[in-house]
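The shown structure was predicted, so the numbers you read here are calculated from the model rather than taken from an experiment. Counting convention: from 1, in listed order, for ligands and their atoms alike.
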Amino acid sequence: MDNVRVRFAPSPTGYLHIGGLRTALYNYLYAKKNGGQFILRIEDTDRTRFVEGAIENLIDSLKWAGIDYDEGVMVKDGKVVEVGETGPYIQSQRLDIYKKYVDELIEKGYAYYCFCSKERLDKVREEQKIKGMVPKYDGFCRDIPLEEAKKRIEAGEEYVVRLKLPRNKDISFEDAVRGRVTINTDEIDDQVLMKSDGFPTYHMAVVVDDHLMGITHVVRGEEWLPSTPKHVFLYEVLGWAAPTFVHLPTVLNKDRKKLSKRQGDVSVEDFKNKGYLPEGLVNYLALVGWSSEDGEEIFTLDEMVDKFTFERVGKSGGIFDVEKLNWVNAHYIKQYQTEKIAELSMPFMVAEGLMTEEEMKSNWDWYVLLIETVKESLSNLSEVPEKVRFLFGDLNITEEEAKEELAGEQVPDLIKAFEDELSSIEEVDQEFANGVMKKIQKSTGIKGKQLFMPIRAAISGNVHGPELKNIIYLLGKEQLLKRLDEAKAFRK
Ligand code: GLU
């Protein structure tokens with residue numbers, strides 16, 4: 001096979017959609033598996049959608065996710081730069097290249113100038129709708145002789161350039177996921193190739209760029225499948241070999257609708273800000289629309305490279321399931337070093353006002369133990385504050401079960417014994433925390449559930465939760481005494 005070259009070609013809309021990250025990931029996996037190159041190209045020909053800082057944001061998101069690439073647009077020393085031999089990689093810098101090929105198409109009779117005003121096009125569309133037809137350009141300017149068109153342009157008339165598709169012709173291509181796809185040109189519009197502002201449309205630019213950049217496999221979302229016949233026609237009339245097309249199933253929500261920004265989290269940044277780990281999000285996204293042959297679901301990027309094939313990409317939409325994402329992410333949280341999870345969770349603690357950065361840093365070992373105590377129960381880092389909140393502030397008993405535990409007959413003895421143990425020490429250290437329950441058992445003769453449940457309820461406010469010895473250590477002498485005292489209020 002030729003040297004594999006693939007590309008991810010996002011438009012700089014201001015954020016990277018997780019469906020986009022999945023497309024980037026599949027491109028990356030395919031390039032790595034085949035020893036090929038992966039290129040990042042920026043498709044910014046729609047000037048109305050331009051957003052400041054969007055390129056940097058896209059690159060940051062890919063970097064965070066650990067998806068690297070060989071060529072194209074990168075950020076070095078805080079500046080956007082382009083790396084590679086087939087650039088520029090930002091479409092707005094390639095306008096003269098597109099113009100050359102648009103001119104060639106016009107000369108060969110595969111494209112034509114169109115002078116229709118917006119008003120006329122709107123009217124045509126309205127009439128077609130009334131007649132129940134699919135709105136489509138009616139070909140009004142298709143047969144204007146080229147000389148006449150050129151004169152009108154010289155005279156200052158506004159124009160666009162349209163593709164002159166042959167009428168009633170089947171266009172077919174092989175898609176690596178969908179198999180053979182055939183569409184008749186009567187169902188396709190005479191696509192605008194160049195707009196009145198001199199910018200190409202996506203369709204013109206994508207074909208020129210994929211060809212000139214030596215792209216062998218076009219791996220993209222299936223929303224582009226209906227456009228592909230136009231691209232295939234362009235390849236043909238420009239005398240170029242078309243790449244292999246690979247259209248990926250759309251990422252859907254549970255209602256099988258497209259995952260849209262209006263419904264909540266869709267950008268990579270949203271998930272980063274929720275405290276998902278890059279390994280978790282990427283591993284999960286690999287599974288949205290693809291499955292490994294052996295049924296494994298947890299894998300490193302290298303293992304994914306090893307297992308990935310287009311044959312195992314599904315035809316129907318991939319459902320984005322947050323619960324499954326949580327399950328995958330929880331796996332990676334458990335695998336990470338606790339110190340690292342502690343570090344990454346700091347902003348969430350600050351945002352919830354539980355601790356300042358300074359407090360965490362100056363009580364680092366304490367903070368790491370705090371995280372260790374809840375780590376196993378986390379599916380993302382934004383859950384840290386709610387999981388540790390019971391250790392901050394006053395004892396807050398809302399659970400009925402906890403109240404019942406504290407009403408037990410033996411509870412005053414337990415509280416007294418705990419208070420005695422505490423008054424015999426300066427401060428709670430690990431040794432004390434590990435051994436105090438045994439001592440209370442000894443001095444009171446109370447054991448098992450009768451012992452553990454009320455003490456847990458008294459100091460944590462809950463009947464379930466993390467290890468008691470950790471809670472005791474984390475609270476410290478003063479807090480323990482305070483809470484034991486507060487717990488007395490639930491006596492019967
Ligand atoms: N710019 C297009 C997008 O953002 C890329 C489509 C393609 O990969 O051809 O979806």
Checklist entry - Cation over ring, R162 on Y113, under 6.0 Å and within 45°? => result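 The answer is no, since R162 fails at least one limit relative to Y113.
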Checklist entry - Is any NZ, NE, NH1 or NH2 atom of the basic residue among R389 and E352 found under 4.0 Å from an Asp or Glu carboxylate oxygen of the other? => result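 Salt bridge present between R389 and E352.
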Checklist entry - Do NZ/NE/NH1/NH2 and the carboxylate oxygens of K274 and D265 come within less than 4.0 Å? => result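 Yes, this pair counts.
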Checklist entry - Mind checking whether E223 has an N or O less than 3.5 Å away from an N or O of ligand 1? => result no
Item to check | Candidate pair T201 and Y98, rule side-chain hydrogen bond (donor to acceptor under 3.5 Å, both in side chains), full reasoning | outcome: CA-CA 10 Å; T201 55; Y98 306 126; over 6 Å; no
Checklist entry - What do the steps show when you test N380 against Y276 for side-chain hydrogen bond (donor to acceptor under 3.5 Å, both in side chains), and what is the final call? => result CA-CA 5 Å; N380 64 57; Y276 286 93; 3.3 Å; yes
Protein contact of [atom] - nearest heavy atom, named by residue and atom, plus distance:
{"atom": "atom 5 (C) of ligand 1", "answer": "A9 O, 3.1 Å"}
{"atom": "atom 10 (O) of ligand 1", "answer": "W224 NE1, 3.2 Å"}
{"atom": "atom 8 (O) of ligand 1", "answer": "R7 NH1, 2.7 Å"}

Checklist entry - If we ignore angles and hydrogens, is there a donor and acceptor under 3.5 Å between the side chains of T182 and D170? => result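 Note: T182 and D170 side chains miss the donor-acceptor criterion.
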Item to check | Subset of ligand 1 atoms that lie under 4.0 Å from at least one heavy atom of V206 | outcome: 9 (O)
Checklist outcome for this item: Here the atoms of ligand 1 under 4.0 Å from any heavy atom belonging to E43 are 1 (N), 2 (C), 5 (C)
Next on the checklist: Any heavy atom of Y202 closer to ligand 1 than 4.0 angstrom?
Outcome noted: yes
